[in-house]
Amino acid sequence: MQKFLFLLLLMPFLSVAQDFDYKNFRWEDQPARQLLTANEVKESAVILLDKRSYEYIYDSLGELHLYETRHKKIRLQDENAIQQYNKIYISLHEVLEMVDVKARSISENGKINEVSAESFKKVQELDLVGNVLMFAVDGLEKGSEIEYFYTARKEVSYYSRSYLQTQLLVKNASLELISPINLVFKAKMYNDFGKFDEDLKNHKRYLRVNLLNVKALEQEKFAFYTSNLKRVEYKLAYNLANDNKEILTWEEAADRYFDIFVNSQQEADEEISKILKRLKISALSESEKIKTIEKYIKTEYLYRKEADWESSELLNVLSKKVGNNTGIIRLFTHFFELAGINYELAMTTDRSEQRFDKDFMSWSYLTQYLFYFPNADHYLAPTEFEYRYAMIPPLWSNNDALFIRTVYLGDHKTAVHQIRHIPASQSEQNTSNLQAEITLDIAQKTANVWLKQSFSGENAMFLFPYYESLSEKEKEKTLDELLKFVGEDVQIQEKQVNKFTKNDSPLDKHLEISAKISVKSLLEKAGNDYLLHIGNLIGKQNYLVAQERKLEIQLACPNQIRREISVFIPEGYVLKGLENLKIHREFGTQYRKVAGFRSDYHLQNNLLHLSIEEYYMESDYSIAEYEEFRSIINSAADFSNVVVILEKK
C-alpha cells in the first residue's frame, strides 16, 4: 500500500543524480571508551549509540530510492547481557539490497575483533518475524562492546515510524530523514518532546531529532508497552516539484482505498451475485444479511495475511478460496455492495501498538480494517475469523479511525471520508459470572460444589471460537483445567458445556460451563473447628504493588465480574469471621462510578449467601487514579484470601 510512485514521477529540481550520504561511511579505527555514571555501570547493558538514517535519493533516471542506515553500539556489563547479545539479528523486511554491513566487538582494554564477512548469514522466517541477517559475536566478556553498522536499499515507503526507546538505557538515540530538495517530510514525536532540527545543504533536506539518556521503559501491569515507547512518526507531506499542496492526506487515502476495495474488479460481481442468490438473503433483515454473508465468507474462504498478490484478485479468491488482506476485504465489500447493505469502511490501529492520531495524517495508522453499519451501529472485523458481527478486537476500539462511505452522484460512485471515534464496548457486554452452591461434608472433610460459570463478549473469547474445533479428548482436558480455579485437588463428578458454534457471537450466546465437583482444600481441619477457604471460589487473585507509576492504566476493554455463592451450614456448626466477607471500594464521580469491588453476605438459618461484584467501566485510567485502581484490584485479592471459621456449637 505504500508504493504510490505516481506522486513522484515528476522530474526533480536536480539535473544529476547524487550519492547517498553514508555511501562511504567509516567508523573510528580506535574508538574512545565512553565513561558511564556509577548507576549506569550497574545496568546489565547500555546502548551507547543508536543512530538511524533514512535517505530518499533520485538516481540518474529520476527514479526514487530509499536507503536505511543504522549504527548501533552496546556495552555489555554482565553475563546475562553477553548471552542475550552474542547473536545480532538485522531485519530484512522490505530490503531489496544489503549495500554494506560490518560488525565488531571491542574489549574493555580496547582489543578489536572484526566480524568476518562469512559470519553474516541470512536466516528465513526466524520465529515468524520474517527474514533476518544474523551474525554471531565471539569472545565477548564483561565490559565488551558490540558495534555494528549497515546500509540497506529498501522498498520506497512514504510514511513509517521508528522507536527511539527500548528496555535498555540509550545514551544517544537519533533519527535523520534526508530527501531531495523537492520532497518535504513531516515528523512528530510521541511520548516525548524531542525537538526536530531542519536544514538545507547540498540540494538536500535534513530533518533530525536527537535524544540523550533515554531511560529504559519497564513493563508495568495494566499498561501497553509498545504504545508507550518514545517514537517518531514521519510522512512525506509535499512534493514541491508539483505544487505546495499537502499530499498523502486523509482525503487521498479515502480515495485510494475506495478505488482498491470498492471501485475495482467489477468482473467478479456476476459470480458474487450468483452466490448471494443461493444464500437466499433477499427477504432477510439487514442484520441477518450481514450475519449470513459473514458466516459464508468466514466458513468457505481461508485468510492468509501474507499470501501473494494473486490472493488479492477477486476472481482468484473466488476460485481458490484463499484471500490475503486485500482479497478478503474486497470480497466483503463486493458482497455488501451487491446485497444493498448500508456500510462504511473504517481503518484504524491496534491501540496497544499505537493510538490513531487524527492530527498527523500518516497512512501508517491505516492498518486494521473494519466495516461499520450505521443502521445497527455495529461493526464487523473482516479478517479476524474468530470474531463475529457486532464484536471486534477490543484493542481496535476506544480509538479514532478513518471512515470511508460510498456516495452516488447519478451513476457515479465516489468516496466521502470522516475521522470518527470507535467507542469501547460496554462493561455489561464483557462479563464473567459464577453461581455456586456449597454443601460441606464434615465426615469426609470435603466441600461438594455445584457451580455454573457464564462468560460473554470478550471474556468468552479465550475459548468460544476454538472449542468446536477441539477433539473430545482436548475438550475434556480443557474443561478439567478450567475447573481447577477452585483448587488443584478438584474431583469432577459431572461437567457440561452449552451448545454453540464458532459462527455464534458470544454477545448473543454466552459460554456456559456447569459442573458438580468436590474439593478437599476448601475445608481444613483446625482442632474441633474447620477453616472454610471461601475466597478460593473466586480463583487466585494477585496483588498490585504500590509504586511510582510511570504509565497510564490501560485495559483491553471494560468488563464486569459477578459471583453468587451459597453455603449450606452443617447442623451443629456456626460460621465465624463473616465480617471479612464485607468489602466495599469504588471510585469515580458522584454520578458514575468507574471501577469497584463490592462483596456482601446474608445469613438466614443455616444458609449463607454471598454476592460479589467487580467492575471496570472504562478502558483507560490516569496515573493519578492508580492508587484507587490498585485498591480495587487488591480488594479482589483480599477476598480471595478470606477464610471463615466453621465452629462447632
Quick one: does [X]'s side chain get under 4.5 Å of [Y]'s, heavy atoms only?
X	Y	value
Pro558	Met617	no
Arg52	Leu164	yes
Leu284	Thr292	yes
Tyr159	Leu236	no
Val209	Met189	yes
Leu183	Leu64	yes
Tyr301	Tyr296	yes

Do the side chains of [X] and [Y] get close enough for a salt bridge, i.e. N-O under 4.0 angstrom?
X	Y	result
Glu468	Lys502	no
Arg355	Asp620	yes
Lys289	Glu286	no
Glu337	Lys413	yes
Glu176	Lys51	no
Glu55	Lys204	yes
Glu246	Lys235	yes

By the definition side-chain contact (heavy atoms from CB on, under 4.5 Å), identify the one residue from Leu395, Asn559, Asn398 that meets it with Ser619.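 Going through Leu395, Asn559, Asn398 one by one, the side-chain contact (heavy atoms from CB on, under 4.5 Å) with Ser619 is satisfied by Asn398 alone.
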
Heavy-atom donor-acceptor pair, Trp250 side chain to Met361 backbone, under 3.5 Å: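 Between the backbone of Met361 and the side chain of Trp250 there is no qualifying donor-acceptor contact (under 3.5 Å).
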
Would Arg231 and Tyr190 count as a cation-pi pair here, with the cationic atom under 6.0 angstrom from the ring centre and within 45° of the axis?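 Yes, Arg231 and Tyr190 form such a contact.
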
What is the minimum heavy-atom distance between Leu302 and Ile328, and which atoms define it?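 Here Leu302 and Ile328 meet closest at O-CD1, 4.4 Å.
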
Shortest non-hydrogen contact from Leu370 toward Ile422: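 Closest pair (atom of Leu370, atom of Ile422, distance): CD1-CD1, 3.7 Å.
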
Is the distance between the ring centroids of Tyr54 and Tyr67 less than 6.0 Å?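 Tyr54 vs Tyr67: aromatic centres not under 6.0 Å.
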
Can you label the angle between the Tyr389 ring and the Phe373 ring as parallel, tilted or perpendicular, going by 30° and 60°?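 Tyr389 and Phe373: perpendicular rings.
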
